[in-house]
Structure formats: C-alpha cells, structure tokens
Colleague: 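Just dropping this structure here.
Computed from a predicted structure; not experimentally measured. Heads up: numbering here begins at 1 and tracks the sequence.
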Amino acid sequence: MPVYQAPVADTLFVLNDILGWERHGNLPGFADATPDVVEAILGEAGKFATDIFLPLNQVGDHEGCQRAADASVTTPKGFKEAYNQFREAGWGGLSASPEYGGQGLPHTLAAAVNEFLSSANMAFAMYPGLTRGAIAAIESHGSDEQKALYLPKMVDGIWTGTMNLTEPHCGTDLGLLRTRAVPAEDGTFRISGQKIFISAGEHDLSENIVHLVLARIEGAPEGVKGISLFIVPKFLPDEAGNPGARNGVSCGSLEEKMGIHGNATCVMNYDGATGWLVGEAHKGLRAMFTMMNEARLGVGVQGLAISEIAYQNAVAYARDRLQGRALAGSKHGEKAADPIIVHPDVRRMLMTIRAVNEAGRALILWTALRGDLAHRAEDAKVREASDDWMGLLTPVIKGVLTDKGFENAVMAQQVYGGHGYVREWGMEQFVRDARIAQIYEGANGIQALDLVGRKLALNGGRAIQAFFKEVGGFCEEHRSNDEMAPFTKSLKKGLNDLQSATMWLMTNAMAKPDNAGAASTDYMHLFGLVALGYMWGRMAHAAQEKLAAGAGDDTSFLENKLVTARFYMDRLMPETSAHLARISSGADSMMALGADAF
C-alpha cells in the first residue's frame, strides 16, 4: 500500500516565514489561530489523513460505489465509519462561521488541511469538500431562513451538499441548459430535468443531501441571463427542520469512471422536485460562481495533493530499487547495484515534481490568505487588492496545478518502471485520479480562456498590473543582493516574458480573437511559471535569512529549500521563453485547416 506523511513542516514554513502568519493576528479568526494552535491542528490533520483516510484509498478505488434498485447508493467499505469520525472531530467546520457551529478559523488553514486529506484519499475528501462550497453559496446568497435551516446541519456534516450544473447536451455553455423551474402557489418551484457528472450526488454518508441546482424559470430570458439557483434537498425538511418526505430527486445511474471510484458521480433526475429559489431570479449563475470559485481552488489543491503523495512514494521506491551503477562511479559497491536515486534522469523527475509541489503549496496558501483578507481585512483597499489577486490567480491555480499534478503523477509512475503500471503499488491509481482534476470545474482550456478573455482586462487591467508591480518590486528590492542573484535574475527574465506576452495579446487579440484563443493555454502556463517562481524567490530569501540568523536543527531543511529553488530557476523557469514564442506565433497555422481536413 502507498505511504503518506503530511508535509507539516513545509506548510508551517510557508505560513510562518513566507506569509508572516502572526502579522494577521488582529483579523477575525486569526487571533485564535496562534502558531502553536496551527501547528497542533496541522499535526492532528496529518495523523487523521494517514491513519483514517489513507487506508481506504485503495479500498475505495477497488470497490467503488454501488447503486441499488431503489436508486440508493452505498459508498465503499469503511467510508461511512470514517466519515463519522471526520464529522465528530469537527474537521468540516474548521473555517465555517461560528454563527452556524463552525470554528471560524482562517480559510488558509482549511486549505492546508484539505491538501493533506486529498493526498490521502482524494475521492473521499470530495464529499466534505463539495459541502464547503455549498455552504459558501448559501451563506453568501441565501435568505436568513435558508441559512438558519441548512447551514448548521451542513457545517456539522450531518447534511452534505452538491452543485448541479452540467446536463447531457451542455457542459461549460450553461446558457444551453434545459432544466425547468415551474412556480408553485406556495412560493416554491417544481424542478424538472437531468444533471450529469454530479459528484457526491447520492450516498449513505449523511442523513440528507442538499443539492444546489441551476434551472430556468418558465418565461426566463434565453442564455445565461435566464438562469436561477435553487436549493433542492433529497428529503424535504419537516417543521422541526429534520428530514421528512422524500423529494422528487433520484440517482438515475452512476458514471463508470477512469478514477475517483470512491466518490459517487451520479446522473441526477429531477421529476417535479420541490426547490427554493436562492437569491434573485435569473441571477443564479452569479450565486453559483461563489461555489464554483471555491471548488476551482479546491481542485487546484487536488492537483498538488496527488502530486505530493505520488512524489513521496516515488522517492521511497527510488531509494530502495537497485539497478545499474552511478555514472560517476558506484555509490554502494557493497551492493549488487546502486539505488536508482543516484541516476540523473531519476533525479530530474523527482526534482521537477518536488520543485512544483513546494512552490505550488506556497502559491495556494498565499492565495488562500488573500481570500481571508478579502473577507476579513478592515482596510477597503486591502480587501479590493486581495479580491483582485484571488480572481486573477484562481484560473492559474486550477489550470496549472492540475496539469502539473497529472504530469507529475505520470513522472512518479515512471520512476517505478514496470511496477508503476501494475495495481499493487498504487501509482496507476494516482495517475487515473489526477486526470479528472484537469477536466471538472471547468476544463483547463476554459480556465485559460477565462484568464486571457476576462481576468486580464477586468477593471482596466488592475489585477495584472498589480501582479507585475509586486513581482517586479521583489526583483528590484534584491537586485544588489549577490546571494539572491541566481533567483531574481531568472525570475525577472520570466516576468519580462510574461509582460511581453501580455503586450502581444493587447496588440493582437482584439482585432483577431483567435489569437487570444490560440495563446490562452501557453499564457496560463507562462503565468504559472512566473507565479511559482515568485514563490521560490520568496522562499529562497526566507531560507537565507534564517540560515544567516542560525537555523540549528532546521539547517538541512533550509539548505534543501535553496537547492530546490536553484533547480526550479535553472531547469523550469527557462520554459517561459518557449511559451512566449508559441504565443507570438499567433493563430494562423493553428486555424488554417478546414474542419473536414482533420
């Protein structure tokens, strides 16, 4: 069975030395999250992930979920008991509002815990993960009555939540959806239609499931302007707020999937089900985006999480597997062969994964902190700037870290050679599980289009200009520091490439929109390289400062940070030039063939 050790020390380094955790102690929720408390929570979360979630990962993959004749769905053996332990320990309410029974701690801390749980068992972690998104949507857009009825039970975990967008004939283009909402005399609506690919749509973990469903009210405008959001519970709450009569919603079938078998991915049928409007009529997409943005950041965490557990197991295998001799001379002459970790190409794979993981973790936590500041900071300008960062980085985190997560899982599998291809080692499951993260919550091509088509120009380009200023300012601040030169020079070159690509789009995309579409994925990955490089620049500087001050037991940890930072700048950051070249080539060769030529 694969092994996993939560990267608690690495997470604490980011929180304390990169984010300056204690500086935010005056904000709501942060005062209770002292460094000692944070360290204790992360330690316990790591143990829970390893002891409870990890042993069920292969079980869930092998058994999958089962649908019965009555349309009920059972989760794999051990899932229900483990979920009860999760709920009773209060992990689901870590960052939820105390008003509804949550602990009110920063979302940044919840994002770190989510990484640990998703590494140990991604399919399992999706059940409470989707509930957190549903909580956010109801809290932001629901009525006081809806909040009082649903949120305490969802924060507790006794009720879970889902999001229902996709239909058989439409995925990303939600303007085509056909699910209908017919007004009833009592102020509710009757929801009819079919939704597909609904994660956690039906299961046996909670006593009720709260579906958030996009539908079109009769007579509504066509397209996305006519979409509304509804709460459609599996069981209708009775007068006491407990599950009552069964609603007209059921699981028509379970999808036969490539991975995440432990999560129930359902075709959901709505047959005149009773639903309650959330927020304003025809404004449902705006309300659902609260949940979607939370989910997209969560999917970025999944990309990192699978990459991390795949890396840990590849390292363990490379240390033990004997094959060949080191090119520079045998390192273990007493053995029949050297461990494969001595070979440069194995090191290339392991170092690439490690460099992306550590910077990806920093970028996720950096962005999650901006999310906390956007909601909790007193200064309106800080809230605005933090919200800008969140909007700009959400597609980058989702798209880049899930693309890299899959690539890294494949590289980790490659370290195993033939053993990586067989089930018993667990690596092929990581590859299969990682693949979905590139697809759902908006396929990565859509994330790239969102970045190029919407986020760059939003508010007159305010967010991207602030990003350029922040990264450029960091490079300038350390320009005369010789120890930082290996990092800032490469980072500045990458930033220059990103600025050139942005200018090229401004010049060439308006007159010819295909240029934007053709450039979008390369631009997203160019942006990602610079954003990850910025994290490495900050981590390298923090490591240097701590070493200069006398690091003690942390010396090796910090020196390893500097080595990995140097690897990133030497081996990965130069890829910005290739992305810029592809972007600047335009769309002509990409779009020249007629459709019938393919």
Colleague: P486 versus M569: any side-chain heavy-atom pair under 4.5 Å?
Modeller: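 Side-chain contact under 4.5 Å: no.
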Colleague: What distance separates K195 NZ from C266 SG, expressed to the nearest 0.5 Å?
Modeller: 14.5 Å
Colleague: Classify the angle between the aromatic ring planes of Y568 and W536 as parallel (below 30°), tilted (30 to 60°) or perpendicular (above 60°).
Modeller: tilted
Colleague: Hey, are the side chains of M484 and F474 touching, using non-hydrogen atoms and a 4.5 Å cut-off?
Modeller: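 Counting from C-beta outward, M484 and F474 do come under 4.5 Å.
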Colleague: Charged N to carboxylate O under 4.0 angstrom, E407 versus K404?
Modeller: yes
Colleague: Does K561 offer a backbone N or O that forms a donor-acceptor pair with the side chain of E358 under 3.5 Å?
Modeller: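 Here the side-chain-to-backbone pair does not exist.
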Colleague: I'd like to know whether R538 forms a side chain to side chain donor-acceptor pair (under 3.5 Å) with H541, so could you lay out the CA-CA distance, the side-chain angles of the two residues, the decisive distance to 0.1 Å, and finally the verdict.
Modeller: CA-CA 5 Å; R538 297 193 70 92; H541 182 249; over 6 Å; no
Colleague: Output yes when a side-chain donor or acceptor of T131 lies under 3.5 Å from a complementary backbone atom of G161, and no otherwise.
Modeller: yes
Colleague: Any donor-acceptor pair under 3.5 Å linking the side chain of N121 with the backbone of F124?
Modeller: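 Answer holds: yes.
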Colleague: Could you pull out all donor-acceptor pairs under 3.5 Å where a side-chain atom in residues 505-512 meets a protein atom, sequence neighbours excluded?
Modeller:
unit_1, atom_1, unit_2, atom_2, d
T507, OG1, M503, O, 2.9
N508, ND2, W504, O, 2.9
K512, NZ, D588, OD1, 2.3

Colleague: Would you check, one step at a time, whether the test side-chain contact (heavy atoms from CB on, under 4.5 Å) holds for L214 with L285?
Modeller: CA-CA 8 Å; L214 288 180; L285 200 57; 4.0 Å; yes
Colleague: Please step through salt bridge (Lys or Arg N to Asp or Glu O under 4.0 Å) for the pair K381 and E384, ending with a clear verdict.
Modeller: CA-CA 5 Å; K381 290 185 177 179; E384 179 184 82; over 6 Å; no
Colleague: When the aromatic ring centroids of F197 and Y440 are compared, is their separation below 6.0 Å?
Modeller: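 Ring centres of Y440 and F197 not closer than 6.0 Å.
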Colleague: Under a 4.5 Å cut-off applied to non-hydrogen side-chain atoms, are F598 and L593 in contact?
Modeller: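 In short, these two side chains touch, coming nearer than 4.5 Å.
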Colleague: To the nearest 0.5 Å, tell me how far N269 CG sits from Q194 CD.
Modeller: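 So the gap between those two atoms works out to 5.0 Å.
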Colleague: Looking only at heavy atoms, which two atoms of A434 and I306 are closest? And how far apart?
Modeller: CB-CG2, 3.7 Å
Colleague: Could you tell me the separation between the OG atom of S307 and the CD atom of Q312, rounded to the nearest 0.5 Å?
Modeller: 10.5 Å
Colleague: According to salt bridge (charged side-chain N to carboxylate O under 4.0 Å, His left out), does anything in residues 111-135 pair up with another residue at least two apart or in another chain? List the pairs.
Modeller: E115-R361
Colleague: For a 4.5 angstrom cut-off between non-hydrogen side-chain atoms, does H141 reach R286?
Modeller: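 Side-chain contact under 4.5 Å: yes.
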Colleague: Closest heavy-atom contact between G223 and R216?
Modeller: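 Distance-wise, the nearest heavy atoms are O-NH1, 2.9 Å.
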Colleague: For A463, is there any backbone N or O sitting under 3.5 Å from a side-chain donor or acceptor partner on D388?
Modeller: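 Between the backbone of A463 and the side chain of D388 there is no qualifying donor-acceptor contact (under 3.5 Å).
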Colleague: Flag the pair K493 and D497 as a salt bridge only when some basic side-chain nitrogen lies within less than 4.0 angstrom of an acidic carboxylate oxygen.
Modeller: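 Looking at D497 together with K493, the answer is yes, because their closest N to O distance falls below 4.0 Å.
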Colleague: Can you check side-chain contact (heavy atoms from CB on, under 4.5 Å) on L526 and L498, steps first, answer last?
Modeller: CA-CA 6 Å; L526 171 49; L498 180 60; 4.0 Å; yes
Colleague: For D372 and T108, indicate whether the former's side chain and the latter's backbone hold a donor-acceptor pair under 3.5 Å.
Modeller: yes
Colleague: Which pair of heavy atoms, one from T162 and one from S199, lies closest together, and at what distance?
Modeller: CG2-O, 3.9 Å
Colleague: Under 6.0 Å from the NZ atom of K257, do we count more than 12 heavy atoms belonging to anything else shown?
Modeller: yes
Colleague: Can you tell me if CD on E255 sees more than 12 non-hydrogen neighbours from other groups inside 6.0 Å?
Modeller: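 Result for CD/E255: enclosed.
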Colleague: Distance-only, no hydrogens or angles: does the N515 side chain make a donor-acceptor pair with backbone N or O of G586 under 3.5 Å?
Modeller: no
Colleague: Could you check whether the rings of Y534 and W366 sit parallel, tilted or perpendicular, using 30° and 60° as the cut-offs?
Modeller: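 Because their plane-to-plane angle is over 60°, the rings of Y534 and W366 count as perpendicular.
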Colleague: Is the count of non-hydrogen atoms from other residues, nucleotides or ligands lying under 6.0 Å from R571 atom CZ greater than 12?
Modeller: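 It does not: R571 CZ has 12 such atoms or fewer within range.
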Colleague: Would T352 and M411 count as a side-chain contact (heavy atoms from CB on, under 4.5 Å) if you check the C-alpha gap in whole Å, the side-chain angles of each, and the deciding distance to 0.1 Å?
Modeller: CA-CA 9 Å; T352 297; M411 272 194 285; 3.6 Å; yes
Colleague: Report the residue from T402, D403, N444 that forms a side chain to side chain donor-acceptor pair (under 3.5 Å) with Q438.
Modeller: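 Output: one option passes, namely D403.
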Colleague: Using the ring of each side chain (for Trp, its six-membered ring), is F467 parallel, tilted or perpendicular to W389, with breaks at 30° and 60°?
Modeller: tilted
Colleague: Is it the case that atom CD in E470 sees more than 12 heavy atoms from other parts of the structure closer than 6.0 Å?
Modeller: yes
Colleague: With a 4.5 Å cut-off on side-chain heavy atoms, are H261 and C65 touching?
Modeller: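 A side-chain contact under 4.5 Å is absent here.
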Colleague: Show your reasoning for whether side-chain contact (heavy atoms from CB on, under 4.5 Å) applies to I464 and L392.
Modeller: CA-CA 7 Å; I464 187 64; L392 183 67; 4.3 Å; yes
Colleague: Donor-acceptor check, side chain of K455 to backbone of T394, threshold 3.5 angstrom: yes or no?
Modeller: no
Colleague: Ignoring hydrogens and angles, tell me if any N or O in the side chain of H169 forms a donor-acceptor pair with the backbone of L176 under 3.5 Å.
Modeller: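 Between the backbone of L176 and the side chain of H169 there is a qualifying donor-acceptor contact (under 3.5 Å).
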Colleague: What are the two closest heavy atoms between L451 and P395, and how far apart are they?
Modeller: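 Nearest pair, atom of L451 first, then P395: CB-CG, 4.1 Å.
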Colleague: Heavy-atom distance under 4.5 Å between the side chains of I364 and L297, does that happen here?
Modeller: no
Colleague: May I have the list of side-chain donor-acceptor pairs in residues 426-433 shorter than 3.5 Å, sequence neighbours left out?
Modeller:
unit_1, atom_1, unit_2, atom_2, d
E428, OE1, R432, NE, 2.7
E428, OE1, R432, NH2, 3.2
E428, OE2, R432, NH2, 3.1
Q429, NE2, N57, O, 3.4
Q429, NE2, N57, OD1, 3.3
Q429, NE2, D433, OD2, 3.1
R432, NH1, D61, OD1, 3.1
R432, NH1, M258, O, 2.9
R432, NH2, D61, OD1, 3.3
R432, NH2, D61, OD2, 2.8
D433, OD1, I260, N, 2.7

Colleague: Distance from N114 atom CG to H107 atom NE2, nearest 0.5 Å?
Modeller: 8.0 Å
Colleague: Once you round to the nearest 0.5 Å, how far does CG of L229 lie from CG of L277?
Modeller: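 Reported to 0.5 Å precision, the distance equals 8.0 Å.
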Colleague: For A437, is there any backbone N or O sitting under 3.5 Å from a side-chain donor or acceptor partner on K398?
Modeller: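 Present.
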Colleague: Tell me, do L304 and I397 make a side-chain contact under 4.5 Å, heavy atoms counted?
Modeller: no
Colleague: Let me confirm one number: the CG-CZ distance from L19 to R370, rounded to the nearest 0.5 Å.
Modeller: 9.5 Å
Colleague: If we only count heavy atoms from C-beta on, is the V210 to I231 side-chain gap below 4.5 Å?
Modeller: yes
Colleague: State, to 0.1 Å, how close A220 and G226 come at their nearest heavy-atom pair, and which atoms those are.
Modeller: CB-O, 3.5 Å
Colleague: Which atom pair, heavy atoms only, marks the closest approach of A181 to P183?
Modeller: O-CD, 3.8 Å
Colleague: Quick one: does S520's side chain have a donor or acceptor within less than 3.5 Å of a partner on G517's backbone?
Modeller: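 Yes, S520 side chain to G517 backbone: donor-acceptor pair under 3.5 Å.
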